Structure formats: C-alpha cells, structure tokens
Amino acid sequence: KISLTVPEGANVFDIAKLVEQAGLGRAGEFVRLGLKDEGFLFPSTYFFSRKARERDVIQAMKKQFDRVWRELGNDAPKEKTVTLASLVEKEARLAEERERIAGVYVNRIEKGMLLQCDPTVIYAAQLEGAWRGTIYRSDLDRKHAYNTYQRVGLPPGPIANPGRESLLAALRPMKTDDLYFVAAPDGSGAHIFSRDYDAHQRAVTAYRRGQRAFDED
C-alpha cells in the first residue's frame with residue numbers, strides 16, 4: 001500500500017506534487033484531471049494500491065468529501081460554502097479564528113466590498129502559470145476571475161481544499177461588525193480584527209513594523 005497524506009488547505013497544484021512524489025501518477029496529469037474538482041478533494045490520509053493512478057486518487061478524495069458533507073447535514077449551497085471555506089482555510093492560522101474570518105468575508109460580500117484575499121491572488125497566478133513565490137504588484141493588478149482584489153464577491157470556485165472545521169466555519173460564520181483583519185505583529189498566527197478602515201490601517205502599520213523588526217533580527 002502507498003500512503004498519501006494531504007494537508008488541509010492544499011490545492012490541486014500542491015496535491016499533484018504529493019501524488020507524483022508518492023509514485024501515484026504525474027503532477028501535470030493530476031492537475032489536468034483534478035482542477036474541476038478543486039475544493040472537493042477532501043484533505044486526509046489515504047492508502048492506495050501500487051497500481052492506483054491519478055483518477056483513483058481523485059475519486060477517493062471526492063468520495064471522502066461527499067461523506068463529510070453528508071455528516072455536516074445541511075442544505076446550504078455547496079459551491080458557495082466550499083468556496084468561502086477555502087478562503088477561510090488559507091487565511092486562518094488559529095482554529096478559533098475561523099468563524100470570525102468567515103464573518104468578515106460575509107460582511108464584506110454583503111456591503112459589496114472587495115474581499116482582497118491574498119490567497120486568491122496566488123491562486124489566480126498559479127492558474128496562469130505565473131506564480132513566482134511572492135505577491136508582486138502585477139499579481140494584485142491581474143484581471144482574473146479569481147483575483148478578489150479585482151473582482152467583487154467570492155471567486156468563481158474554491159481556491160483550495162478545506163477541512164471539516166473550515167467547512168463548519170463557512171456554514172456558521174460569526175456575527176461580527178468586523179470588516180478587516182491583518183496578521184498580528186507578534187508572529188503568533190493570530191490576526192488583528194477591525195471594524196473601520198482607520199483602525200485597520202493602524203493594525204497594518206503595527207504588522208509592518210513587526211516585520212521590519214523581525215527582518216533586522
């Protein structure tokens with residue numbers, strides 16, 4: 001048996017590398033076959049026979065997603081819920097912040113604000129084959145359906161494959177007045193949440209100051 005462990009928040013490109021490393025197929029072929037199922041390839045540990053190929057991996061992961069979705073027992077719109085959950089999965093470092101981050105995105109959607117979610121910028125670049133390992137101004141300016149700095153609302157589909165907790169967060173976002181969040185300057189993985197732009201700008205300044213201090217160390 002071959003073991004394949006897919007972490008929460010891995011996207012099709014990430015999984016493709018893991019599949020190739022495990023000897024279960026070619027990365028390029030996995031991306032070609034699996035891209036349409038982004039978000040529905042449930043992160044977990046799987047065991048495959050040595051004869052398994054890309055399609056078998058995709059089928060097993062989709063089946064596990066369907067099982068988890070049934071267990072969550074809800075009639076929420078699946079595509080939108082999984083898309084929101086994928087953003088939460090990529091942004092949340094601390095489990096206790098997932099529902100709050102989901103709440104911020106719901107608030108921004110309801111107000112017609114740009115989500116400005118950095119992981120969507122990365123994903124848009126990956127889809128174009130243009131990801132360079134860090135976000136450049138040209139990435140933020142890219143006119144792409146998945147770039148939430150350019151398009152209002154959720155992207156047209158998931159940008160990664162969320163785990164159970166992020167799916168739950170998307171199903172029950174926190175009721176909050178927050179409209180912004182930025183990483184805390186202490187490197188803890190926590191975020192500073194703000195209700196208005198001025199407070200957010202102060203939090204951003206504190207984060208950048210913390211980053212400079214870290215770089216100087």
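In this text, all values refer to a predicted model and were calculated from it rather than measured experimentally. Only this structure's heavy atoms are used, side chains among them; waters, hydrogens and symmetry mates stay out. Residue numbers count from 1 along this sequence.
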Original post:
Which pairs count as ring-ring contact (aromatic ring centres under 6.0 Å, His included) when at least one residue sits in residues 162-190, sequence neighbours excluded?
Top reply: Tyr105-Phe181, Tyr180-Tyr197, Tyr180-His200, Phe181-His191, Phe181-Phe193
**OP:** State which residues pass side chain to side chain donor-acceptor pair (under 3.5 Å) with Asp14; sequence neighbours excluded, sorted by chain then number.
**Re:** none
**OP:** Would you kindly confirm whether Met174 and Ile101 end up in one hydrophobic cluster when ILVMFWY residues are joined by side chain heavy atoms under 4.5 Å apart?
**Re:** no
Subject >> Which atom of Gly103 lies closest to which atom of Pro173, heavy atoms considered >> reply: N-CB, 3.7 Å
Original post:
Which ILVMFWY residues can you reach from Ile135 by hopping between side chains whose heavy atoms are under 4.5 Å apart?
Top reply: Val121, Ile122, Trp131, Leu140, Tyr149
Original post:
Any side-chain heavy-atom pair from Asp139 and Arg132 closer than 4.5 angstrom?
Top reply: yes
Anything under 3.5 Å between a donor and an acceptor, one on a side chain of residues 40-58, the other on a protein residue two or more places apart or in another chain? List them.
from, atom 1, to, atom 2, distance (Å)
Thr45, OG1, Thr5, OG1, 3.0
Tyr46, OH, Phe42, O, 2.6
Ser49, OG, Lys51, N, 3.3
Glu54, OE2, Arg26, N, 2.8
Asp56, OD2, Arg53, N, 2.7

**OP:** Identify, with sequence neighbours excluded, every residue that meets salt bridge (Lys or Arg N to Asp or Glu O under 4.0 Å) alongside Glu29.
**Re:** Arg32
Original post:
Is there a side-chain contact between Val6 and Met61 (heavy atoms, below 4.5 Å)?
Top reply: yes
**OP:** With sequence neighbours excluded, tell me which residues meet ring pair (Phe, Tyr, Trp, His ring centres under 6.0 Å) with Phe30.
**Re:** none
**OP:** Mind checking side chain to side chain donor-acceptor pair (under 3.5 Å) for Thr83 and listing every partner two or more places apart, or none if nothing turns up?
**Re:** none
**OP:** Measure the spacing between OG of Ser86 and NZ of Lys90 and express it to the nearest 0.5 Å.
**Re:** 9.0 Å
Subject >> Residue pairs fulfilling salt bridge (Lys or Arg N to Asp or Glu O under 4.0 Å) with at least one residue in residues 187-206, sequence neighbours excluded >> reply: Asp177-Arg195
Subject >> Arg108 vs Gln116 side-chain heavy atoms within contact, under 4.5 Å >> reply: yes
Original post:
side chain to side chain contact (heavy atoms under 4.5 Å, CB included) with Val31: which of Val12, Leu127, Asn11?
Top reply: Val12
**OP:** Output all residues satisfying side chain to side chain donor-acceptor pair (under 3.5 Å) with Lys1, sequence neighbours left out; order by chain, then residue number.
**Re:** none
Subject >> Counterpart residues, salt bridge (Lys or Arg N to Asp or Glu O under 4.0 Å), relative to Glu96 (two or more places apart) >> reply: none
Original post:
What pairs with Arg70 under salt bridge (Lys or Arg N to Asp or Glu O under 4.0 Å), at least two apart in sequence or on another chain?
Top reply: none
Subject >> Residue pairs involving residues 151-177 (criterion ring-ring contact (aromatic ring centres under 6.0 Å, His included); sequence neighbours excluded) >> reply: none
